[in-house]
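Below is one structure, written out as structure tokens, with a few remarks after it.
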Amino acid sequence: MTAKPTEPTANTPAQDAKDAKDATAAADGSSAKDNRPAASDGASSAPRASYEHDGKPWLTAFTLLRYLWPADRPRLRLLFVLTGLAILMGQGFLAITPMVFATAVDAVGGEGRFPNASLTLLIGLVTAFGLARLLAQGSQEISSALFVFVGQNGIRSVALETFRHLHELSLRFHLGRQTGGLSRAIERGTKGIEFVLRMTTFNLVPTTFAIVIVSLILLFNFGPLYAAITFVTVVGYIIYTVMVTDWRIKYRRMMNETDSEATTKAVDSLLNYETVKYFSNEVHEATRFDGALRGYERAAVNNQLSLSLLNIGQGIIIAAGLVLLLSLSVPQVLAGEMTVGDFVAIQAYLIQLYLPLNFLGFAYREIRQGLVDMEYMFNLLDVDREIPDSPRAPVLKIDGGQLDFQTVNFGYNDDRQILHDLDFSVEAGKTLAIVGPSGSGKSTIGRMLFRFYDVWDGAIRIDGQDIRRVQQASLREAIGIVPQDTVLFNDTIAYNIAYGRPEASLEHVIEAAKLAQIHDFILDLPEGYDTRVGERGLKLSGGERQRVSIARTILKDPSILLFDEATSALDTDTESAIQASLAAVSRDRTTLVIAHRLSTVVDADEIIVLDKGRIAERGSHQALLERDGVYAHMWHSQQEADE
Ligand code: ATP
């Protein structure tokens, strides 16, 4: 999990070792039921029950540090070190400021180190005071400027690695997750990093430095009692702050929860606008929404009250420390053992400590919250890839595209087998049709071919190569699919078609659109190829989406084609027009056609009838009709329905 943003598949050695182990198992042909998912995991390799980072803020912080200290970026590491130095310098200047001021006060009063100071010296002292302040602030700004490079790079590395990792996770994981929750996790995680970094770098670390430096100054200038009182005051302040913050964090959590609840209710209700109206349930909806709002109101009030309590307590502790220290110094000033300047300096030091301490409760809370948010994101990075490439796997070499399913057994869950001893071959350039009742496992065959899941046993080969032994990217490059339900990117039609081959020219895109019978429709749209298709492509009809999908597969120009009810959403006229295009595209390419409407597969070289994951019948259309079995029965009932 080391941050290597430039290497798409960068792994930790541990991950590599694991990948190697998994891949070796796969390469061995994974005998027997090795590839079955654990029975108890309910097939949702969605987040495991427990994670490495769970409830371990220190581990989360350590992981973050690794991202901030990139092994391959020496310049960033240098910036990291320089930031630390700048912070230290800033605190140093801040620490001497009260001393310079005290000297100036004494000099003005004719006391201290310069009892007979000239006007020039006095102005010089006042200027030195201004300069010390300026340098302190300047160093702080420099540290912020330096750190922004390190911090932002860290945030980018984590976000990018999470994104890449999510794309590497299996379909099983993605079917089990909630997109909203996942994107919130990344968003909160990156925000969390930002908070933690900001609070740590500009509050926690400088305040810690300040406490140490001020205590040392007080120790050497005024004696151990002064240092001890300051130290105890600050430690008492911190303990009090941490305790009260821990206690009141529940109100903050309640605020977050009730806020999400109110938002969810409002959004859900507005999304269901029509349903609310059909049932005249406006009052019911308002009551539900108000319920959540009331919860938020209560939590927000408690949050503010507890904050005031925290602030009052903090004020009391600081005031007590201040009064104690000053009371201690008053007799010494009167006795001439201490100057008025010293008296002023003591007050200035405490106030100087008090300011950053004031934010400590906030910083502590934000850091805690930030670490929790990050924990979730780092846990995501720990989710194993179910189907890794074998190490040094070769690319798939296509030589015609002969396809073999050799006694394939498979199920999504251990306790339910879907495909049973599936055995078929498609010679290079030929077409095989798979038909059968709904749920018989037709689409599953397509998912296996793309290696979204591994077979339990048996093997799938393309031109003799076991698909588990080749690079998955090369496998998927070789196959084109027109799926049952096409989901489009929320972009233009041209973008969605070009997705099949992103470097394709507009001419090629248009050519593909013409073959997919969608060009004329696109031209009729006011914005033509630049029309945006909406979220998931929902501004297009099902049939239009399917044709966009056909166009992009035509553009991809793969060696093997898989049509999974590619024309099911089309009317009969459009379907027959597209059938002609599909036939042209699939000529001389190995093609698998999954179909419900048998009239679309009569020309296939072979048809297999699948029933409950087993091959019930196989043969050409004519042969199957003559056999007068399941296929013939399906054919006749469809013919009757059509008539
Ligand atoms: P249809 O004609 O309705 O598309 P199909 O023959 O293509 O059906 P598949 O999608 O292959 O059927 O599904 C075969 C069986 O596998 C179904 O019973 C389905 O419930 C089950 N199934 C599909 N996907 C999953 C999954 N991700 N997890 C668990 N079971 C699944």
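Counting starts at 1 for both ligands and their atoms, following the listed order.
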(message) With a sphere of 6.0 Å drawn around CG of D588, does it hold more than 12 non-hydrogen atoms of other residues, nucleotides or ligands?
(response) no
(message) Using a 4.0 Å heavy-atom cut-off, which part of F410 comes near ligand 1: side chain, backbone, both, or neither?
(response) neither
(request) For R447, take its heavy atoms, then give the atoms of ligand 1 lying under 4.0 Å from any of them. (result) 10 (O), 23 (C), 24 (N)
(request) Just go through G446, S443, G436 and tell me whose heavy atom is the nearest to atom 7 (O) of ligand 1. (result) S443
(message) Between R552 and D557, does any NZ, NE, NH1 or NH2 come within less than 4.0 Å of an OD or OE carboxylate oxygen?
(response) no
(message) Quiz question: by atom type and distance under 3.5 Å, do the side chains of Y631 and H636 form a donor-acceptor pair?
(response) no
(request) Go through ligand 1 atom by atom and flag the ones less than 4.0 Å from a non-hydrogen atom of R416. (result) 17 (C), 18 (O), 20 (O), 21 (C)
(request) Please indicate whether any nitrogen or oxygen in S438 is less than 3.5 Å from any nitrogen or oxygen in ligand 1. (result) yes
(request) Taking side-chain hydrogen bond (donor to acceptor under 3.5 Å, both in side chains) as the test, write out the residues that go with Q406, two or more places apart. (result) R461
(request) Give yes or no for whether the N/O distance cutoff of 3.5 Å, strictly under, is met between G439 and ligand 1. (result) yes
(request) Please could you name the atoms of ligand 1 that E565 approaches to less than 4.0 Å, counting only its heavy atoms? (result) 2 (O)
(request) Would you give the length of the straight line joining atom CG of L449 to atom CD1 of I479, rounded to the nearest 0.5 angstrom? (result) 4.0 Å
(request) Using a strict 4.0 Å cut-off to heavy atoms of Y453, name the atoms of ligand 1 that fall inside it. (result) 27 (N)
(request) For H596, counting its heavy atoms only, list the atoms of ligand 1 lying under 4.0 Å from any of them. (result) 2 (O)
(message) When you compare the side chains of D491 and N496, does any donor N or O come within less than 3.5 Å of an acceptor on the partner?
(response) no
Run the side-chain donor-acceptor check on residues 430-448: report pairs under 3.5 Å with partners two or more places apart or on a different chain.
from: S440; atom 1: OG; to: P437; atom 2: O; distance (Å): 2.7
from: K442; atom 1: NZ; to: G436; atom 2: O; distance (Å): 3.0
from: K442; atom 1: NZ; to: P437; atom 2: O; distance (Å): 3.0
from: S443; atom 1: OG; to: D564; atom 2: OD2; distance (Å): 2.9
from: T444; atom 1: OG1; to: Y412; atom 2: OH; distance (Å): 2.9
from: R447; atom 1: NH1; to: Y412; atom 2: OH; distance (Å): 2.4

(message) Which of the numbered atoms in ligand 1 are under 4.0 angstrom from any heavy atom belonging to T444?
(response) 9 (P), 11 (O), 13 (O), 14 (C)
